[in-house]
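Values in this document were obtained by computation on a predicted structure and should not be read as measured data.
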Amino acid sequence: MLKDSPIKVGAQNLFWEVKGAFTGEIAPTMLNELCDYVIIGHSERRQYFGETDESVNKKTLVALAHHLKPIVCVGENLKQNEAGKPRPSSRSGARGVQRNLTRGRAWDRGRL
């Protein structure tokens with residue numbers, strides 16, 4: 001539908017497993033023909049669904065493997081933002097999410 005359009009579509013989440021019975025989750029294979037981008041690690045997912053830097057890293061790796069451009073969130077939640085308090089672990093969170101990522105894996109192939 002939007003294949004030749006300048007408009008790009010993104011998803012709000014994906015799961016790190018490609019196959020299996022994971023009711024309610026979205027496999028990357030369900031998204032890679034529909035979307036260009038996927039939001040991973042949003043503060044609400046971390047707060048309400050217990051997502052961690054490790055799970056965000058897994059999702060980032062699988063997104064890249066399926067030609068999706070991840071939009072990785074590592075900042076504070078709304079309450080912290082409104083209080084002017086950045087997430088204390090934003091830097092460590094960014095490092096945790098980057099684990100196992102190499103320039104050759106994504107950047108050099110022009111995906112990011």
>> With clusters defined by side-chain heavy atoms of hydrophobic residues (ILVMFWY) lying less than 4.5 Å apart, directly or transitively, does Val56 cluster with Val18?
In response: yes
> Can Arg45 and Glu51 be counted as an ion pair, charged N to O under 4.0 angstrom?
Replying inline: yes
>> According to a hydrophobic-cluster definition based on side-chain heavy atoms being under 4.5 Å apart (Ile, Leu, Val, Met, Phe, Trp, Tyr only), do Leu34 and Ile40 belong together?
In response: no
> Taking only residues two or more places apart in sequence or in another chain, which ones pass side chain to side chain donor-acceptor pair (under 3.5 Å) with Asn13?
Replying inline: Lys59
> From Ser55 OG over to Arg46 CZ, what is the distance, rounded to the nearest 0.5 angstrom?
Replying inline: 7.0 Å
> Closest heavy-atom contact between Pro70 and Leu64?
Replying inline: CD-CD2, 3.6 Å
> About how many Å separate CD1 of Ile26 and CG of Leu31, when rounded to the nearest 0.5 Å?
Replying inline: 5.5 Å
> Any ring-ring contact (aromatic ring centres under 6.0 Å, His included) pairs touching residues 41-60, not counting sequence neighbours?
Replying inline: none
> Who else is in Ile39's hydrophobic cluster (ILVMFWY, side-chain heavy atoms under 4.5 Å, direct or via others)?
Replying inline: Tyr37, Ile71
> Nearest 0.5 Å, what's the OG1-CG distance between Thr60 and Leu14?
Replying inline: 8.5 Å
> Salt bridge between Lys58 and Asp53, side-chain N to carboxylate O under 4.0 Å?
Replying inline: no
> Which pairs count as side-chain hydrogen bond (donor to acceptor under 3.5 Å, both in side chains) when at least one residue sits in residues 16-35, sequence neighbours excluded?
Replying inline: none
> Looking only at heavy atoms, which two atoms of Val38 and Ala63 are closest? And how far apart?
Replying inline: CG1-CB, 3.9 Å
